[in-house]
*Asks:* 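Take a look at the following structure, please.
Both counts, for ligands and for their atoms, begin at 1 and track the order of listing. Numbers for residues simply follow the sequence, beginning at 1.
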Amino acid sequence: MGPAAQAIPASSAPALPQHIAIIMDGNGRWADTRKVTRMRGHSQGSEVLRTLLDSCRARPFIRYLTLYAFSLENWNRPADEVEDLMNLLRHYLRREAATLHENNIRMQFIGELETLAPDIQRDLESVRTLTQNNTGLTVSMAISYGSRQEMATAMKRICKKIEAGALVPDAITADVISAHLHTANTPDPDLLIRTGGDERLSNFLLWQSAYTEFYFTEKLWPDFTPADLDAAIECYSQRERRFGKRKEA
Ligand code: FPP
């Protein structure tokens with residue numbers, strides 16, 4: 001058994017997921033079917049996000065939630081939609097910061113954050129510092145995030161340490177790479193939910209989801225309810241996670 005395998009937990013029935021990641025997809029189609037603007041769909045999506053945070057707090061076995069809010073590829077959408085999404089983010093952060101803090105939620109932001117407008121970067125940093133000592137649910141919001149770019153950034157960080165003599169190539173293990181990703185200090189997701197019917201990762205948490213259980217639902221994100229969250233958790237609890245080992249007797 002190689003050293004990386006020692007970090008992998010024993011094969012077991014998973015019980016309940018402590019880390020859930022969500023690809024919140026389907027806002028546009030939700031809007032189209034109602035003949036309203038895509039912005040209305042995203043705005044409804046942000047309301048569902050508030051409900052989701054309450055649902056997670058009411059299920060305290062969930063310790064971590066990682067949300068795909070805006071991908072690096074989303075920058076290629078029409079400029080007005082990108083602007084609408086950025087304004088929604090500004091509005092959400094300013095409106096929700098105090099509530100997130102009161103609810104003991106620790107907010108983290110992952111992605112190529114330097115690509116965001118300076119005022120948004122400041123808002124993210126102020127929400128992060130406001131909530132950094134909270135002990136409840138940890139929410140990682142992926143914004144301007146791409147998993148391949150995250151890995152490239154990690155490689156650059158590692159190479160710089162080698163250049164500086166702080167690390168030798170032979171010391172690079174899977175754990176060292178994990179520790180240089182934006183998600184360092186957060187365990188890998190147990191369960192990844194994608195709404196909207198597509199069954200792919202779309203450049204989200206590629207490294208971190210090596211042994212994650214996937215749950216795909218046709219439900220569009222603005223229609224996602226606490227009962228849908230429970231259905232995903234129930235499905236997860238029926239799975240057997242073997243982490244490459246043999247089924248236990
Ligand atoms: C995908 O739906 C969703 C997004 C690109 C944005 C996700 C944002 C939210 C759920 C709102 C909360 C986020 C913030 C910024 C506070 P889509 O537009 O790709 O839907 P479609 O596949 O039906 O077109």
*Asks:* Got Pro169 and Ile162 here, is their nearest side-chain heavy-atom distance under 4.5 Å?
*Replies:*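 With C-beta onward as the side chain, the pair touches.
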*Asks:* Apply side-chain contact (heavy atoms from CB on, under 4.5 Å) to the pair Asp230 and Thr225, showing each step before the final yes or no.
*Replies:* CA-CA 9 Å; Asp230 285 335; Thr225 64; over 6 Å; no
*Asks:* Do Thr135 and Asn104 have side-chain atoms, one donor and one acceptor, less than 3.5 Å apart?
*Replies:* yes
*Asks:* Could you tell me which atoms of ligand 1, counted from 1 in the order shown, lie closer than 4.0 angstrom to a heavy atom of Arg38?
*Replies:* 17 (P), 18 (O), 24 (O)
*Asks:* Is ligand 1 less than 4.0 angstrom away from at least one heavy atom of Arg77?
*Replies:* yes
*Asks:* Decide yes or no for His180 and Lys161: does some side-chain heavy atom of the first lie under 4.5 Å from some side-chain heavy atom of the second?
*Replies:* yes
*Asks:* Run the numbers for me: atoms of ligand 1, each under 4.0 Å from some heavy atom of Ala69, listed by number.
*Replies:* 6 (C), 7 (C), 8 (C)
*Asks:* Could you list which atoms of ligand 1 come closer than 4.0 Å to a heavy atom of Gly28?
*Replies:*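 Heavy-atom distances to Gly28 below 4.0 Å select 17 (P), 18 (O), 20 (O), 21 (P), 23 (O), 24 (O).
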*Asks:* How about Arg50 and Thr99: does a side-chain donor come under 3.5 Å of a side-chain acceptor?
*Replies:*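 Checked: Arg50/Thr99 side chains show no N/O donor-acceptor pair below 3.5 Å.
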*Asks:* Could you tell me the residue and atom name of the protein heavy atom closest to atom 14 (C) of ligand 1, and the distance to it rounded to 0.1 Å?
*Replies:*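 Result for atom 14 (C) of ligand 1: Leu88 CD2, 4.4 Å.
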*Asks:* Please say whether Asn27 places an N or O atom under 3.5 Å from an N or O atom belonging to ligand 1.
*Replies:* yes
*Asks:* Quick one, Tyr236 and Arg241 - any side-chain contact, counting heavy atoms below 4.5 Å?
*Replies:*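 In contact.
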*Asks:* Measuring from non-hydrogen atoms of Gly196 to any atom of ligand 1, is the shortest distance under 4.0 Å?
*Replies:* no
*Asks:* Within a 6.0 Å radius of atom CZ on Arg148, are there more than 12 heavy atoms belonging to other residues, nucleotides or ligands?
*Replies:* no
*Asks:* What is the closest protein heavy atom to atom 3 (C) of ligand 1, and at what distance does it sit?
*Replies:* Met24 O, 3.2 Å
*Asks:* Please state which protein non-hydrogen atom is closest to atom 4 (C) of ligand 1 and give its distance, to 0.1 Å?
*Replies:*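 For atom 4 (C) of ligand 1, the nearest protein heavy atom comes out as His42 CE1, 3.9 Å.
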*Asks:* Answer yes or no: does atom CG of Asp119 have more than 12 heavy-atom neighbours from other residues, nucleotides or ligands under 6.0 Å?
*Replies:* yes
*Asks:* Which bit of Leu220 gets closer than 4.0 Å to ligand 1, counting heavy atoms only: side chain, backbone, both or neither?
*Replies:*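 Looking at Leu220 and ligand 1, no heavy atom falls under 4.0 Å.
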*Asks:* Is there a continuous path of hydrophobic side-chain contacts, each under 4.5 Å between heavy atoms, that joins Leu53 to Leu130?
*Replies:* no
*Asks:* Give the contacting part of Trp221 toward ligand 1: side chain, backbone, both or neither, where contact means a heavy-atom distance below 4.0 Å.
*Replies:* side chain
*Asks:* Heavy-atom contacts with Asn74 under 4.0 Å: which atoms of ligand 1 show up? List them by number with element.
*Replies:* 5 (C)
*Asks:* Is there at least one pair of N or O atoms, one from Asp25 and one from ligand 1, spaced under 3.5 Å apart?
*Replies:*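 By distance alone, the answer is yes.
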